[in-house]
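Working notes for the structure below.
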There are 2 protein chains.
Amino acid sequence: MESGYVTLEQVAEHAGVSLATASRVINGSTRQVSQRLRDKVTASAQELGYLANASAQTLARNSSSLVGLLVHDISDPYFSSIAAGVTRHTEEQGLVLVLGTTSRSAQTEGRILATLRAHRARAVVLVGSRSTDEESNRRLSEEILMFRRQGGQVACVSQEGLPADTVTPDNHTGAADLARRLIAQGHREFAILAGPTDLQTARERLDGFHSALSGAGLELAHHNVVHGAFTRDGGYESTRRLMAVGTDATCLFAVNDVMATGAMAALRDLGLRVPADLSVAGFDDIPTLRDLTPALTTVRLPLEEMGERAALLALEGEPSDQPRVITVRGEVVERESTAPPTR
Amino acid sequence: MESGYVTLEQVAEHAGVSLATASRVINGSTRQVSQRLRDKVTASAQELGYLANASAQTLARNSSSLVGLLVHDISDPYFSSIAAGVTRHTEEQGLVLVLGTTSRSAQTEGRILATLRAHRARAVVLVGSRSTDEESNRRLSEEILMFRRQGGQVACVSQEGLPADTVTPDNHTGAADLARRLIAQGHREFAILAGPTDLQTARERLDGFHSALSGAGLELAHHNVVHGAFTRDGGYESTRRLMAVGTDATCLFAVNDVMATGAMAALRDLGLRVPADLSVAGFDDIPTLRDLTPALTTVRLPLEEMGERAALLALEGEPSDQPRVITVRGEVVERESTAPPTR
DNA sequence: CTAGGCTAGGAAAGAGTTTTCCCGTGGGCC
DNA sequence: GGCCCACGGGAAAACTCTTTCCTAGCCTAG
């Protein structure tokens with residue numbers, strides 16, 4: 001333990017057995033080893049402070065205990081919630097979690113996936129909404145397939161349609177449920193912070209909301225749908241844009257909570273009160289944002305659980321050809337940010 | 001590329017050169033290789049889709065590109081902000097970030113550090129407040145030294161006193177500055193949510209606050225200091241306890257923002273208004289929590305930058321014996337959660 | 001013209017495991 | 001008692017790189 005490393009060979013020598021035997025004892029191989037030698041080896045390992053060299057093991061086994069997790073931005077509480085779920089599972093399995101931050105760049109994503117392949121990562125969990133851009137999807141699919149060909153498993157959160165297992169919220173139904181609740185509350189005119197145009201998740205939520213409106217015989221005016229970044233600042237800025245041209249809406253639906261947060265900030269800066277002047281609803285029910293005032297009406301998603309289940313899919317599953325899809329249903333939680341319209 | 005892997009040997013063979021030459025070309029060795037062979041090798045590598053096996057490289061070089069990051073809980077926005085900073089640096093250096101979540105368990109921490117050693121991680125960044133418990137500090141120091149003996153570098157955030165480089169906030173001064181501002185605002189009676197008793201950071205902030213009070217000739221009543229978990233729920237619960245026995249304080253200082261968040265929630269539940277009935281101040285200025293209403297008066301820490309600088313320390317520094325300490329000074333930001341007392 | 005020094009390239013020795021293959025011993029069965 | 005099998009143990013190959021050491025060839029200087 002003095003300095004540097006203790007190798008298995010040293011353990012074997014110290015125990016007076018062969019390298020093979022020592023190895024068999026250490027990693028509890030299927031092969032039988034007599035109790036006597038077993039004890040001697042474990043004692044030696046203990047005494048010398050043996051710690052197996054993970055690289056050598058990976059090389060020999062051609063499989064590591066690394067699990068990748070790709071998110072756009074770990075400081076975004078949406079991603080960090082999911083990350084916590086993934087972490088919980090990898091931690092208790094004794095796996096090593098590699099965190100890759102893509103900053104929404106497909107190129108970075110590709111680079112990280114290659115790195116994970118180079119490390120013979122066992123699995124990777126991809127979080128973040130799928131783009132609707134065909135080209136980038138094709139490239140991502142290619143990467144995923146390459147990963148799988150090399151024996152790795154892939155699971156996605158919120159990214160259906162890729163050649164990998166998926167756990168995804170039912171965005172359409174969730175948004176539609178929410179819309180119906182808001183209609184029941186008395187709202188007739190809505191504005192929507194719809195996020196980026198090329199994001200599958202954002203689009204599904206918009207569609208779901210829209211279709212519930214149609215079902216109730218309501219129109220959604222074109223000028224009441226505004227697109228922008230899927231972030232807090234995107235929500236802020238989108239709201240400013242919306243209010244600059246003016247709106248007749250009594251309720252603002254931001255397709256995710258972080259945008260709703262930005263929206264509420266913008267409205268406050270404009271001197272408007274929520275929900276008195278305008279109701280605001282979000283989507284995700286991010287734990288960290290539950291303390292906003294007024295408390296956000298939103299669609300609850302079990303984010304941490306989703307991360308955990310994705311990890312489970314990636315790590316337990318047989319590498320099947322048919323991607324398994326777990327759909328989780330969101331539940332509308334009505335809080336203080338929405339109220340019957342005063343107009 | 002068909003399936004499985006392409007090895008360097010295959011590339012060499014395809015290019016009609018030796019393994020050694022191929023290796024030299026691939027990793028741009030110091031040794032000269034003629035342009036002709038160089039081109040042939042790169043072309044072959046490209047054509048075959050060669051990707052170096054990271055484990056083999058680690059084994060051969062006895063050094064990997066893994067960097068560990070240890071936090072208590074990644075879904076806590078304090079940690080995820082710092083993580084974002086660390087990530088930024090590792091990402092642009094092409095390093096691989098391993099995220100370890102300790103759940104505040106020294107045992108888990110030890111386990112993860114051992115895993116990182118087994119992987120020959122190049123460096124590790126430890127985030128989170130040092131305990132004041134001597135025994136666990138001794139054990140952690142031992143782990144760190146072992147890590148360093150094996151060629152790894154260690155840097156800490158908010159954990160001074162360990163045998164490793166550190167970037168730490170000046171908790172004492174920050175809290176004292178805050179106290180003085182609050183006194184200037186007219187407050188004379190304070191209550192403190194002091195966090196866990198055994199947390200160095202919490203204690204320093206309490207001490208700093210306390211000493212500024214003393215400096216102004218003010219007392220801090222014993223019953224106005226309440227301890228509890230360093231979390232949102234800890235803050236909530238501590239506040240309930242505080243209010244249950246009653247307090248004469250006009251201002252409540254929670255030693256970090258997440259506790260302050262819980263405090264504000266508790267006060268709201270009790271029907272008290274902030275700052276009208278009671279002022280509340282925090283510490284950290286966590287970006288995600290800036291949208292709370294009322295906006296929190298707090299001490300701003302450049303969390304992301306702190307993460308980045310810790311990564312820098314761990315990765316640039318010479319392994320020196322004398323731990324380098326970077327102290328960052330927090331800046332008081334006065335917002336809406338504090339106001340002159342009405343009583 | 002030869003000795004000596006460079007240089008580019010290759011052979012091979014590691015790096016630390018796992019795992020296959022082989023061997024010797026001992027026990028059970030006829 | 002002999003044969004076969006099972007089983008515990010070891011030697012060595014395999015995993016894929018990096019790097020050292022060596023060699024052949026060429027150039028230059030004496």
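Every chain is numbered from 1, with letters handed out A, B, ... down the list of sequences.
The side chain of B/Arg24 approaches C/dG9 more closely than any other nucleotide in the set C/dG9, D/dG10, D/dC17. Considering only the side chain of B/Tyr50, D/dC17 comes nearest among D/dT18, C/dT20, D/dC17. Taking only side-chain atoms of A/Ser23, from C-beta outward, the nucleotide of C/dT18, C/dG10, D/dG9 with the closest atom is C/dT18. Ranking C/dT17, D/dT18, C/dA11 by closeness to the B/Ala20 side chain, first place goes to C/dA11. Here C/dG16 is the nucleotide among C/dG9, C/dA15, C/dG16 with the atom lying nearest to any side-chain atom of A/Ala60. The listed nucleotides are D/dG10, D/dT16, D/dT18; the one nearest the side chain of A/Ser18 is D/dG10.
Between the side chains of A/Thr21 and A/Ser18, a donor-acceptor pair is found at a separation under 3.5 Å. Side-chain contact check for A/Gln57 and A/Asn53: no donor-acceptor pair (N or O, by modelled atom type) lies under 3.5 Å. Between the side chains of B/Ser64 and B/His119, no donor N or O sits under 3.5 Å from an acceptor N or O.
Remark: C1' of D/dG8 and CD of A/Gln35 are 14 Å apart, rounded to the nearest angstrom. Taking atom CZ on A/Arg120 and atom P on C/dT18, their separation rounds to 17 Å, with Å as the unit. Between B/Leu59 atom CG and D/dA14 atom P there is a gap of 17 Å when expressed in whole angstrom units. A/Gln57 places its CD atom 13 Å from the P atom of C/dG16, with the value rounded to the nearest Å. In this structure, CZ of B/Arg61 is placed 13 Å from C1' of C/dA15, rounded to the nearest angstrom. When rounded to the nearest whole Å, the span between CG of B/Leu37 and P of C/dG9 equals 4 Å. Atom NE2 of A/His119 and atom C1' of D/dC15 are 17 Å apart (whole Å). When rounded to the nearest whole Å, the span between CD of A/Gln150 and C1' of D/dT16 equals 14 Å.
In terms of phosphate contacts, A/Ser34 brings a side-chain nitrogen or oxygen within less than 4.0 Å of OP1 or OP2 of D/dG9. For the OP1/OP2 pair of D/dT18 and a distance below 4.0 Å, the side-chain nitrogens and oxygens of B/Asn27 include at least one atom meeting the criterion. The side chain of A/Tyr5 places no N or O atom within less than 4.0 Å of a non-bridging phosphate oxygen (OP1 or OP2) of C/dT17. In this structure, B/Thr21 reaches the C/dG10 phosphate: one of its side-chain N or O atoms is under 4.0 Å from OP1 or OP2.
The pair B/Glu135-B/Arg139 counts as a salt bridge, with a side-chain nitrogen and a carboxylate oxygen less than 4.0 angstrom apart. We find that A/Glu91 and B/Arg111 are joined by a salt bridge, their nearest charged nitrogen and carboxylate oxygen being less than 4.0 Å apart. For A/Glu305 and A/Arg309, the salt-bridge test passes: some basic side-chain N is under 4.0 Å from an acidic carboxylate O.
The residue B/Asn53 sits close only to the backbone: its heavy atoms come under 4.0 Å of sugar-phosphate atoms, none of a base. Residue A/Leu19 is classed as a base contact, given a heavy-atom separation below 4.0 Å to a base.
One cannot find a donor-acceptor pair under 3.5 Å joining the base of D/dG8 and the side-chain atoms of A/Arg36.
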